[in-house]
> 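Have a look at this one.
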2 protein chains.
Amino acid sequence: MNPRAGQTKKRTRIQALNEAKILEAALDIFATFGFRGTTIDQIAQKAEMSKPNLLYYFRRKEDIYISVLERTLETWLTPLTELNPEGDPIEEIGKYTSLKLQMSENDPTASRLFANEILHGAPMIEHVLKGSLKSLVDEKAVVIQKWIDDGKLTDVDPYHLIFMIWASTQHYADFKIQMRAILGEEVDQPDYFEKAGKTISTIFFEGLKPRA
Amino acid sequence: MNPRAGQTKKRTRIQALNEAKILEAALDIFATFGFRGTTIDQIAQKAEMSKPNLLYYFRRKEDIYISVLERTLETWLTPLTELNPEGDPIEEIGKYTSLKLQMSENDPTASRLFANEILHGAPMIEHVLKGSLKSLVDEKAVVIQKWIDDGKLTDVDPYHLIFMIWASTQHYADFKIQMRAILGEEVDQPDYFEKAGKTISTIFFEGLKPRA
DNA sequence: CGTTAATTTGACCAAATGGTCAGGAATTAG
DNA sequence: CTAATTCCTGACCATTTGGTCAAATTAACG
């Protein structure tokens, strides 16, 4: 029986294996070439199977793309979840920023996949952005505002602060090619991201105006 | 004679007009759909001419794309050029940041065009990134380092500072759809970018740690 | 082992798309 | 006004690509 039909039947061993292979391959290709820039053949080749066989597991190209997006989204939202209202503001924001930067270092494809999707108008995940993402951000914005009201943080707009954290950290995944063009192979050294983290946190916490 | 041939002949009136129409239309389409996601038909339709006629002015799709990129690049590099070594550091960086943010507001397509190109590996403009962009950034990094050595700025890595300015400001063009999903139509109000600018400059200059 | 269900594939199709071309229409130069 | 040149178009082509299908192969199960 065709695995795409009713999901009442349990997944077989081969099915689980091949679906995993496909999604892994697809993440890489989609992140590099975008949805339209990716061909099913490319994914099939990278997943080491024939195109018809791949289409046996995912009936349409779009199905693969959506699966990859959904799978990655979860990982993507987790760090913000962990922003702890009870913790020390500076420490919490520091942890969050550093976690996001780590993700740009270790899993840049995920970041690029989203950047692509959003640049193209987020046709597939608009509902997620307006749903779980919005809820989560709204919730954390309240937390940050409370910290500000308590005088523990400089007065800034919580939403724009979150955007700025995303921007600064994801930039290291999405625009790495530009950075490499400017700085050369240094960007591939292990201490590059360390330096990035230091700069980002210094600016976020201390600011550019020298403190007395 | 075909306008694509030797450029010795001067451009005719119609030629100039139609080339402009094509490039304007192409910027929009390329910025939204990327190179591979864009079809010649789309551009032709937006430019209000037939596909063969469009191809009369630009022999290949790639030619249009490169023209659009080159044309936009110039505008793109200008603001950094104006960072004045003699000026006050805080003021200069403030002006630069605010200029970049304004560009994200008034001409988001340009930003998205580059984001797309870089995300996809910058196949067409790698030489520019490694050439004029790198030179310019190297030059300005020296200026910033001098300011730091003079004790006029907190000690941060100049390159990463520049990256962070790019990230924070361009984010408002490239990820506007995400922002709209979270904040709603507010992002299209005139005071939205004002608030963004305020947040960005507060963080850059003051930092999140409250000053005594 | 034998039967049933799951998996894989080569061959194939239709639509989309980048690009060509011969010739007709409009414009410009003299 | 006329000839040369530029501009424009419909028809067309080759390739790419998403997707189908019948049939062969392999794995699972009793």
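Naming: A, B, ... by sequence-line order, numbering from 1 per chain.
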> Provide, to the nearest angstrom, the distance between the CG atom belonging to B/Leu55 and the C1' atom belonging to C/dT17.
11 Å
> Looking only at side-chain atoms of A/Pro52, point me to the closest of C/dT7, C/dG10, D/dT9.
C/dG10
> Rounded to whole Å, please give me the gap between CD in B/Gln42 and P in C/dT17.
8 Å
> Are B/Thr12 and C/dT28 close enough that a side-chain N or O sits under 4.0 Å from OP1 or OP2?
no
> With a 4.0 Å cut-off, would you call B/Lys134 and B/Asp138 a salt bridge?
yes
> Do the side-chain N or O atoms of A/Tyr56 get closer than 4.0 angstrom to the phosphate oxygens (OP1, OP2) of D/dT20?
no
> Looking at every heavy atom in both B/Leu136 and B/Leu77, which two are closest together, and how far apart are they?
CD2-O, 3.8 Å
> Between C1' on D/dG18 and CD1 on A/Ile64, what's the gap in Å once rounded to a whole number?
10 Å
> With a cut-off of less than 4.0 Å, is there a side-chain N or O of B/Ser50 near OP1 or OP2 of D/dT9?
yes
> Send over the distance from B/Leu17 CG to D/dC7 P, rounded to a whole Å.
11 Å
> Please enumerate all protein N or O atoms sitting under 3.5 Å from an N or O of nucleotides 14-17 of chain D, with distances to 0.1 Å.
from	atom 1	to	atom 2	distance (Å)
D/dT17	OP1	B/Arg36	NH2	2.9

> Just N and O in the side chain of A/Asn53: are any of them under 4.0 Å from OP1 or OP2 of C/dT9?
yes
> If I take atom CG in residue A/Asp63 and atom C1' in nucleotide D/dG19, what distance separates them, rounded to the nearest angstrom?
12 Å
> Looking at A/Lys198 and B/Asp157, is there a salt bridge between them, counting it only when a charged N and a carboxylate O are closer than 4.0 Å?
no
> If you assign A/Asn18 and B/Arg60 each to the DNA chain C nucleotide with the nearest heavy atom, which residue ends up on the more 5' nucleotide?
A/Asn18
> To the nearest Å, give me how far apart OH (B/Tyr57) and P (C/dG18) are.
20 Å
> Any idea which of D/dG19, D/dA27, C/dT28 is nearest the A/Arg13 side chain?
D/dA27
> Salt bridge or not for B/Glu24 and B/Lys21, using N-O below 4.0 Å?
no
> Under 3.5 Å, is there a donor-acceptor pair between the B/Tyr192 and B/Glu105 side chains?
no
> Taking the nucleotide of DNA chain D with the nearest heavy atom to each, does B/Leu54 or A/Glu62 sit closer to the 5' end?
B/Leu54
> Between A/Ser111 and A/Asp174, do the side chains contain a donor N or O and an acceptor N or O under 3.5 Å apart?
yes
> Can you check whether B/Leu80 reaches B/Lys100 side chain to side chain, under 4.5 Å on heavy atoms?
no
> May I have the distance from B/Phe35 (atom CZ) to C/dT17 (atom P), rounded to whole angstrom?
14 Å
> Grab the NZ-P distance between A/Lys21 and C/dT8 for me, whole Å please.
8 Å
